[in-house]
Amino acid sequence: MSFRNPVAVMAVSLVAVTVLAACTGSDPTDKQEREYFESVRAARALTEENFENFGAIFGRIWPVREALISALVQAGVGDAFDSTVAALQEITPPVDLETDHELLLAGTIELSQLDQQAADAVKADDLITFSRYNGRLGIAGERMLGRLSPAYCSSLSEPGEESASACRSQDPVPGGTYGAELHEELRAFMPAFMLVGSETAFSLSLSPEELAMVIQTDIPEATSLIEDIRERVGALTPPDEFEADHDRLLAFFDALSDSFQQSAIDAFTIRDALMAFGEQIGQLYQGLVNDDFGAIISPLEPPPPE
């Protein structure tokens, strides 16, 4: 079970996983494949139905800790993915979709296991551990979709909807080897970065002491991730047409790192740093010299808030 924070950067949440279930694209013309994807969509919709109650829970403030725990247990924390796993296990995919189906099933089983660990934490009154497993659910959902072939991932929900950002693009990335390497570096960075701070992104009844513990862990983790991606991107050599934008990207990471280091002065200001992340990305895009660079760095775009 996971959820999405009102802050755009926090795609690691209950709603985040729900949205990930809506990865979309063109409807297969082959009858067998069309029927297969209809069955898979129906199986994944079972989890979406389970999430309806959780959305209401995470949209409230719970001044009484016991009431929150009781609500989570009654809503079925730990069971959200079970019906989908069972349904996927009963579906026989066409031969050419077997590999993707197995990846989807394995990823959904992983989500179910994380959901159960989150449930165990709730029942033990350990909301910090619950929060961390909750964040991992969002990351696991992103990772699962990223492993699927683009065509398969884009067919997981009804035609006409926008593809989820976790689905790999079917279009080649501009910039040759440089563009492909930078794109993949950012694809790996974003899910891990968005996990940072997910524990503080909702109205759980964490005590001030617990919240401070969580944030003081998140700040050095965020700083380390940013410094690492800055070093890896800095090691790439851009073509001349992307040099100016490459330098702007490095400056973006420098500014992002500074904002988190400054947050360490007051642990609770990490929320401000996370909220500013989306604005900083917007400024980065607005100042691009080469529009093709925007396609290369597209993994930086956080999903819209829910």
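The CG atom of Leu182 lies 11.5 Å from the CZ atom of Arg232; values are rounded to the nearest 0.5 Å. For the atom pair CE of Met190 and CG of Leu225, the computed distance is 11.5 Å after rounding to the nearest 0.5 Å. The line from CZ of Arg230 to CD1 of Ile226 is 12.5 Å long, rounded to the nearest 0.5 Å. Going from atom SG of Cys167 over to atom CZ of Arg147 covers 14.0 Å, rounded to the nearest 0.5 Å. Residue Asp115 holds its CG atom at 12.0 Å from OG1 of Thr108, rounded to the nearest 0.5 Å. Once rounded to the nearest 0.5 Å, the distance linking CG of Leu288 with CD of Gln283 reads 12.0 Å.
In the hydrophobic cluster analysis, where Ile, Leu, Val, Met, Phe, Trp and Tyr join through side-chain heavy atoms closer than 4.5 angstrom, Leu250 is grouped apart from Val289.
The shortest side-chain heavy-atom distance between Phe81 and Leu137 falls under the 4.5 Å cut-off. For the pair Thr129 and Asp120, the minimum side-chain heavy-atom distance is 4.5 Å or more. Within the 4.5 Å cutoff, side-chain heavy atoms of Leu256 are placed close to those of Phe193.
The two residues Met144 and Leu111 have their closest heavy-atom pair at CE-CD1, 4.2 Å. Closest of all the heavy-atom pairs between Leu46 and Ala87 is CD1-CB, 4.2 Å. Across every non-hydrogen atom of Pro93 and Tyr36, the tightest pair is CB-CE1, 3.5 Å. Shortest non-hydrogen contact noted between Pro299 and Arg187 is CG-CG, 3.5 Å. Closest heavy-atom contact between Ile296 and His183: O-ND1, 2.9 Å. Heavy atoms only, all atoms of each residue included: Tyr178 and Pro239 are closest at CD2-CD, 3.4 Å.
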Worksheet entry | Worked verdict on Val233 versus Phe189 for side chain to side chain contact (heavy atoms under 4.5 Å, CB included) | CA-CA 11 Å; Val233 171; Phe189 164 75; over 6 Å; no

For Gln116 and Gln113, what are the C-alpha separation, side-chain angles and deciding distance, and is it a side chain to side chain contact (heavy atoms under 4.5 Å, CB included)? CA-CA 5 Å; Gln116 184 56 62; Gln113 293 170 340; 5.7 Å; no

- Task: Take Arg41 and Leu156 through the test side chain to side chain contact (heavy atoms under 4.5 Å, CB included) and record every step on the way to the result.
- Result: CA-CA 6 Å; Arg41 292 166 188 156; Leu156 286 182; 5.6 Å; no

Take Tyr285 and Phe293 through the test side chain to side chain contact (heavy atoms under 4.5 Å, CB included) and record every step on the way to the result.
CA-CA 9 Å; Tyr285 271 85; Phe293 197 76; over 6 Å; no

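A donor-acceptor contact shorter than 3.5 Å is absent between the side chain of Ser224 and the backbone of Pro220. Distance alone, capped at 3.5 Å, is enough to place a donor-acceptor pair between the Asp100 side chain and the Ser149 backbone. For Ser298 (side chain) and Ala295 (main-chain N/O), a donor-acceptor pair under 3.5 Å exists by modelled atom type. Under the 3.5 Å distance criterion, the side-chain polar atoms of His101 are matched with a main-chain donor or acceptor of Leu88.
If you check the side chains of Thr47 and Thr84, you find a donor sitting under 3.5 Å from an acceptor.
When each of Ile281, Asp245, Leu186 is checked for a side chain to side chain contact (heavy atoms under 4.5 Å, CB included) with Ile297, only Leu186 meets the rule.
Qualifying salt bridge (Lys or Arg N to Asp or Glu O under 4.0 Å) partners for Glu110, counting only residues two or more places apart in sequence or in other chains: Arg143.
Counting non-hydrogen atoms of neighbouring residues, nucleotides and ligands closer than 6.0 angstrom, the CD atom of Glu241 exceeds 12 such neighbours.
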